[in-house]
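Everything on this sheet refers to the single structure shown next.
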Amino acid sequence: MSGPDGRAGEREATTPSRPAARANSSDAPAPGRTRVTGPRTRASRRLRHPVTREIDEQTGLGEAYMRSLVQAQLRLAVRLCAVLAAVVGGLPVLFALVPELREQRVAGLPLAWVLLGGLVYPWFVACGWWYVRQAERNERDFADLVDNRWADRNRG
Amino acid sequence: MSTAYGLAGIAAVVAATVLIGTLGLRISRTTSDFYVASRTVTPLRNASAIGGEYLSAASFLGAAGLILAFGADMLWLPVGWTGGYLVLLMLVSAPLRRSGAYTLPDFAEARLESMAVRRVTSVLVVLIGWLYMMPQFQSAGLVLRTVTGAPLWAGPVLITVVVAVNVLAGGMRSITLVQAFQYWLKLTGMAVPLVFLLLAWRFDGAPGLDRDTAPRFPERTTVTVGAAVTVKVAEPVTVTATGRVDGRTHDGAAVTLAPGPHEVGRDTALTFPRGAAVPHVEDIPARTDRQWAMPLDGREHSLYATYSLILATFLGTMGLPHVLVRFYTNPDGRAARRTTVMVLSLLGAFYLLPGVYGALGRLYTPELLMTGRTDAVVLTLPGRVLGGAAGDLLGALVTGGAVAAFLSTSSGLTVSVAGVLGQDILRGGVRSFRAATLLALAVPLALSVAARSLAVADVVGLAFAVAASTFCPLLVLGIWWRRLTVAGALAGLVTGGALAGTAVVVTVAGGAPEGLAGALLEQPAAWTVPVAFAVMIGVSLATPRGVPPDVARMMVRLHTPESLNVDRGTWRPKRV
């Protein structure tokens, strides 16, 4: 999930999705009083309505945030699974369609043994390592977006 | 291999296991200690423990044995056993840890808010656990027989006693220590002898496996057949026979075997001249070394079998009960991911070895192709190739590693199966856990003695297929798809379990038929997994009202990082 997209979504979604009771108490001024509003800075708005509360109360906004996190993680996993399936699932087909490859030798060893008995393992570890970095980045982005205390501290 | 050294190897590993296990007794007091070691295990130790628990007799003995018998296609087994963790990492590890569930039934209950799904899951955990334990027990019999000539039931009895003592003494905490120790023991037990074997192979002129001939006896060899077998003789050969051949008893007489099948009786010794072609047992095809080294040239329908094996192993790993229970010992979801990557590295290092053993076995212990006991190749090689005191010592090391392999996997499975039995069938608590431990061990003990002997990796492969057809859809859809319903989950679990279970029963009890039907039953995953997924999705879509009411809260719980202060619901696993 990218930061700017998520914030744009927040601005659009905040007002309509807020429950009616809270909207009344905070938005409608009492008779005889005039509401004076300051410029809407990001920090003050975030402090009053932390997105974690939207998530806790399962508002439309909170749900939208959750869906974006789950979809980001799922997209990452599906993408890497597709690469894995293409490589792992592709090898038997390749050996079936191109019989010369079965007898191909690399450094004196049959190609199948070099790939399946050796190279595939470091590749798995590299994939796993890359996945962990990406998944943790998705979670950091989400935390930046959602947890205002955390985000404020990090944005100075 | 000398019996004394082999016994010393077995005794050392058993003693170390019990000793480390009982050390855990003093620190494990509460139920939580018993089930998940109170979640205080460090990542490297946890990863070693996962590796130690996962590397079963199928990895230590079976993979090399199947590679020796069937060649390059079987390299997919260790690849899939490792790759399964990559899929698990991407789809399951962090959300599963964040769910807070201790066992698969816990997860099912938390996600679907249904006791019915929990019960079906419990039954499947117990069945998969038993199916996985049975070949471990049989390997124990094989190891003890290879080393000491003890009857085949002795190994299973030994393993039952050691595991029972250990689990009853300390539960999971001691098991975690034992497992971590056993990963390194297994790696050493396989890698150190291999270094010496490869040196000896170089010294021997580094013979290759690219000849256009089937294996031949490198020297005059006496082969003793442990159990009656039917072997196929390719070219006429005159042997010295002691025992029964084709129904006639010989006593050291010269017998000429014509090409074709021959029945060799139990405990019969045949002495082959140097350079004679090795007769192959019925179900292992006799192929030239070149064919053996090539992929897609092994069993019938090898392309289908390869894909089915890939699917079963890559998707089945996440559904193994003893694998999942380990993830709850991570402190949080992030640690669960990092532990999994460490597990990938540890497994990758180990699985470089079985292929080399299989290849060396084809050069130096081809008689295993005749006795059919290819699972013994790792145990037999050091003594055969090196001989003398070095061979004996390394043989003892390998034997110790093999004992570690079936002990650790059986211990882990016992804890998982007993946990489920204790919680869901008995009343829960430490006393039920103890009673459940005995039940969890008794059934596979009986099965392993009663069932016919199959290649350990084949039976383990079937357990993977059942896990892939049941728990893989439940976990993947449960974690990523909000519209999964109770009815859908139940229908998918029951369909996948019934289809894969039928294939298992047919294959294990009677042996699969010839031809395509046989291939479909021996490697069922390629059709049972898609069917299970389709049923689970289809029935869920047809019953949209069955979506659990709290699914949104559960999604928060599964996917948000622990650093965020959000409401994750109040569900806790029962009685722990």
Side-chain angles (χ1 to χ4, degrees), chain A residues 50-53 55-58 62-63 65-67 69-71 73-74 76-81 84-85 88-89 91-93 95-96 99 101-103 105 108-113 115-118 120-125 127-129 131-132 135-136 138-140 142-143 146-147 149-150, chain B residues 67 72-73 75-76 78-80 82-83 85-87 89-91 94-95 208-210 290 293-297 302-303 306-307 310-311 314 333-334 337-338 340-345 347-349 351-352 354-356 359 479-482 552-553 555-556 558-561 563-567:
Chain A
V51 179
T52 49
R53 204 169 79 198
I55 292 175
D56 288 349
E57 291 169 4
Q58 298 184 6
E63 285 297 282
Y65 270 98
M66 275 318 298
R67 277 178 204 276
L69 170 69
V70 174
Q71 271 167 18
Q73 298 287 43
L74 184 60
L76 170 64
V78 166
R79 244 175 25 218
L80 196 50
C81 279
L84 183 70
V88 164
L91 278 177
V93 166
F95 284 130
L101 278 181
R102 299 187 211 171
E103 295 208 57
R105 287 182 167 258
L109 291 166
L111 178 66
W113 288 70
L115 290 177
L116 300 179
V120 72
Y121 296 107
W123 183 69
F124 280 165
V125 176
C127 284
W129 183 74
Y131 169 80
V132 168
E136 288 186 355
N138 283 344
E139 286 178 356
R140 255 196 322 273
F142 180 75
V146 162
D147 189 356
R149 281 169 300 134
W150 203 91
Chain B
I67 290 169
D73 281 345
L75 289 169
W76 280 108
V79 171
T82 314
Y85 273 92
L86 190 54
V87 179
L89 165 70
M90 293 187 282
L91 294 175
L209 281 167
D210 48 4
R290 264 169 82 95
M294 286 196 298
L296 299 180
D297 225 340
S302 53
L303 192 62
T306 302
Y307 275 113
I310 290 174
L311 213 58
F314 275 75
R334 195 163 162 264
R337 279 201 200 105
R338 291 175 170 230
T340 315
V341 177
M342 218 178 284
V343 172
L344 272 176
S345 324
L347 292 182
Y351 282 131
L352 293 173
V356 189
I479 288 170
W480 299 104
W481 195 50
R482 287 162 188 253
R553 184 80 65 216
M555 285 291 159
V556 173
L558 292 176
H559 294 284
T560 50
S563 61
L564 286 180
N565 181 23
V566 289
D567 180 3

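The sequence lines fix the lettering, A, B, ..., with proteins before strands; numbering per chain opens at 1.
- Of the residues considered (A:Val132, A:Leu74, A:Val125), A:Leu74 shows the highest number of contacts with chain B, using heavy-atom pairs under 4.5 Å.
- Using a 4.5 Å cut-off between heavy atoms, B:Arg553 contacts chain A through both its backbone and its side chain.
- Interface residue B:Ile310: only side-chain heavy atoms are found under 4.5 Å from chain A.
- When heavy atoms are compared at a cutoff of 4.5 Å, A:Leu80 approaches chain B by way of both its backbone and its side chain.
- Remark: side-chain polar atoms of A:Tyr121 are paired, donor with acceptor, to backbone N or O of B:Val79 under 3.5 angstrom.
- Residue A:Arg67 touches chain B through both its backbone and its side chain, counting heavy-atom pairs closer than 4.5 Å.
- For the atom pair CD of A:Glu136 and CZ of B:Arg337, the computed distance is 6.0 Å after rounding to the nearest 0.5 Å.
- With a 4.5 angstrom heavy-atom cutoff, A:Val120 touches chain B only via side-chain atoms.
- To the nearest 0.5 Å, atom CD of residue A:Glu63 and atom CE of residue B:Met555 are 10.0 Å apart.
- B:Pro354 does not touch chain A: none of its heavy atoms, backbone or side chain, sits under 4.5 Å away.
- Heavy-atom distances place both the backbone and the side chain of B:Leu89 under 4.5 Å from chain A.
- In this structure, chain A has a heavy atom under 4.5 Å from the side chain of B:Thr306, while its backbone stays farther away.
- Minimum heavy-atom separation, A:Trp113 to B:Ala293: NE1-O, 3.0 Å.
- In plain terms, the two heavy atoms of A:Ala112 and B:Leu75 that are nearest each other are O-CD1, 4.2 Å.
- Between A:Phe124 and B:Leu347, the closest side-chain pair of non-hydrogen atoms is not below 4.5 Å.
- The distance from the CG atom of B:Leu344 to the OH atom of A:Tyr131 is 12.5 Å, given to the nearest 0.5 Å.
- For chain A, the option among B:Ala94, B:Ala72, B:Gly80, B:Ala349 with the highest count of heavy-atom pairs below 4.5 Å is B:Ala72.
- Annotation: maximal heavy-atom pairing with chain B below 4.5 Å, among A:Gly89, A:Pro110, A:Pro122, A:Gly62, occurs at A:Gly89.
- Counting all heavy atoms, side chain and backbone alike, A:Val70 lies closest to B:His559 at CG2-CD2, 3.6 Å.
- The part of B:Ile67 that comes within reach of chain A is its side chain, from C-beta onward, which places non-hydrogen atoms under 4.5 angstrom from that chain.
- Of the two parts of B:Phe314, only the side chain, counted from C-beta on, holds a non-hydrogen atom closer than 4.5 Å to a non-hydrogen atom of chain A.
- A:Tyr65 contributes atom OH, which lies 14.5 Å from atom OG1 of B:Thr560 (distance to the nearest 0.5 angstrom).
- Annotation for A:Trp129: atom CH2 does not count as buried by contact number, only 12 or fewer foreign heavy atoms lying within 6.0 Å.
- Options B:Tyr351, B:Tyr85, B:Trp76 differ in how many heavy-atom pairs under 4.5 Å they form with chain A, and the most are formed by B:Trp76.
- Between A:Pro92 and B:Leu296, the closest heavy-atom pair is O-CD1, 3.5 Å.
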Subject >> Residues B:Trp480, A:Gln73; criterion side chain to side chain contact (heavy atoms under 4.5 Å, CB included); working and verdict >> reply: CA-CA 9 Å; B:Trp480 299 104; A:Gln73 298 287 43; 3.7 Å; yes
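- When every heavy atom of A:Met66 is checked against every heavy atom of B:Arg482, the shortest pair comes out as CB-NH2, 4.1 Å.
- Pairing each heavy atom of A:Cys127 with each of B:Leu86, the nearest pair is CB-CD2, 3.9 Å.
- Looking at A:Val78, there are no atoms closer than 4.5 Å to chain B (heavy atoms on both sides), in backbone or side chain.
- With a 4.5 angstrom heavy-atom cutoff, B:Thr340 does not touch chain A via any of its atoms.
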